[in-house]
Amino acid sequence: MLEKILQSKQKEVSELVLPPQEDVTHYSLFEALRAPTRQTALIAEVKKASPSKGLIRADFNPVEIAKGYQAGGADAISVLTDRDYFQGDPTYLSAVKRAVQLPVMRKDFIIDEAQVEETVRIGADAMLLIVGAVPINKLKQLYDLAYAKGLECLVEVHAKEELEELLSAFTPKIIGVNNRNLKTFETSLSQTEEMAVLIPESSLFVSESGIFTKADIDRVQKAGAAGVLVGESLMRADSPEQGISELFGGEARVSPS
Ligand SMILES: O=P(O)(O)OC[C@@H](O)[C@@H](O)c1c[nH]c2ccccc12
């Protein structure tokens, strides 16, 4: 599946027309994750559909969902911008960014410098980089370019070998372990547990995908995750706010946001 997505991305990139620059106020993802609203930081994801689950939420208003996430105490927001496989759109990110006072991360398959520039233009504060989507030296170039342009990165790995390859090249400030194997779509939280020991102390560690309950949050937090990235379980909730409250089992906020 990842292969197929990357092929269409290549085509998309070759046809990319850069949008005008959005005028926005930036918020740091790193700082937000370091001082979370609850014990475990939450990146709440705006995602209409996915290749593994199909349509997740028919009644989909990205701005209303993002505002609900902010009201519910999310620390940051992730917006899927891939059109072909996730029914996302770069314009959703710009609209969300204008509506909330939280760091907003672009969730897409970034393989080229032009997409980094596009990410800046649409007003994002951060973007996802996936180890395994591009060769590691290319990933490092994209990472350095992003930071040079004022964008932060969440660098995602799935397998242990990917993490080792990443760390032998450089140490990202924010590392995500995707519990979902992008080749098979299976999720397993033991992925987070197995990889936690290898994550350097100096990096913020986010556990991504397949997190549905307070028990799941406690489990990855115990393993060492400072934060979680949650999409589906929140998108299926009656309201985003209530979804967050239920996900945290009613846990009180430790700091207002
Ligand atoms: O919906 P979930 O299982 O809570 O997962 C969210 C997020 O981790 C997932 O959307 C994701 C993680 N890495 C990705 C890379 C590309 C697209 C999507 C993703």
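On a predicted model such as this, the values are computed, not experimentally measured, just so you know. Order of listing sets the numbers, starting from 1, for every ligand and every atom in it. Here, residue 1 is the first one in the sequence, and each next residue gets the next number.
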Any chance the side chains of S188 and N179 put a donor and an acceptor closer than 3.5 Å? no

Short list, please: which atoms of ligand 1 are under 4.0 Å from a heavy atom of N178? 12 (C), 13 (N), 14 (C)

With a cut-off of 4.0 Å, which atoms of ligand 1 are near a heavy atom of G231? 1 (O), 2 (P), 4 (O), 6 (C)

Regarding K9 and the six-membered ring of F109, is the cationic atom NZ or CZ under 6.0 Å from the ring centre and inside 45° of its axis? no

Applying a heavy-atom cut-off of 4.0 Å, say which part of M235 lies close to ligand 1: side chain, backbone, both or neither. neither

Determine whether the side chains of H158 and N178 contain a donor N or O and an acceptor N or O closer than 3.5 Å. no

Looking at ligand 1, does K53 have a heavy atom less than 4.0 Å from it? no

Starting from atom 17 (C) of ligand 1, which protein heavy atom do you reach first, and at what distance in Å? F86 CZ, 3.4 Å

Side chain, backbone, both or neither: which applies to L128 and ligand 1 if a contact is any heavy-atom pair less than 4.0 Å apart? side chain

E232 heavy atoms within 4.0 Å reach ligand 1 at atoms 1 (O), 2 (P), 4 (O)

Can V177 and I199 be said to form a side chain to side chain contact (heavy atoms under 4.5 Å, CB included), step by step? CA-CA 10 Å; V177 168; I199 309 248; 4.1 Å; yes

Looking just at side-chain N and O atoms, do R106 and T119 make a donor-acceptor pair shorter than 3.5 Å? yes

Run the numbers for me: atoms of ligand 1, each under 4.0 Å from some heavy atom of G210, listed by number. 2 (P), 3 (O), 4 (O)

Should you measure from each heavy atom of V230, which atoms of ligand 1 turn up under 4.0 Å away? 4 (O)

Does a donor on one side chain sit under 3.5 Å from an acceptor on the other, for E246 and Q242? yes

Testing the 3.5 Å rule here: is there a donor-acceptor pair between the side chains of T37 and R253? no

Minimum side-chain heavy-atom gap I43-L29 below 4.5 Å: yes

Check: Y92 ring centre within less than 6.0 Å of F60 ring centre: yes

Within a distance under 4.0 Å of any heavy atom of K47, pick out the atoms of ligand 1 and give their elements. 1 (O), 2 (P), 5 (O), 6 (C), 9 (C), 10 (O)

Look at atom 16 (C) of ligand 1 and say which protein heavy atom is nearest, naming residue and atom and giving the distance to 0.1 Å. F109 CZ, 3.4 Å

Indicate yes or no: at least one non-hydrogen side-chain atom of Q221 is less than 4.5 angstrom from one of Q39. yes

To the nearest 0.1 Å, how far is atom 18 (C) of ligand 1 from its closest protein heavy atom, and which atom is that? K107 NZ, 3.5 Å

Protein heavy-atom partner closest to atom 13 (N) of ligand 1 - residue, atom, separation in Å: E156 OE1, 2.7 Å

Can you tell me which portion of E45 lies within the under-4.0 Å heavy-atom range of ligand 1? Options are side chain, backbone, both, or neither. side chain

For atom 8 (O) of ligand 1, state which one of S78, S233, A133, S209 supplies the nearest heavy atom. S209

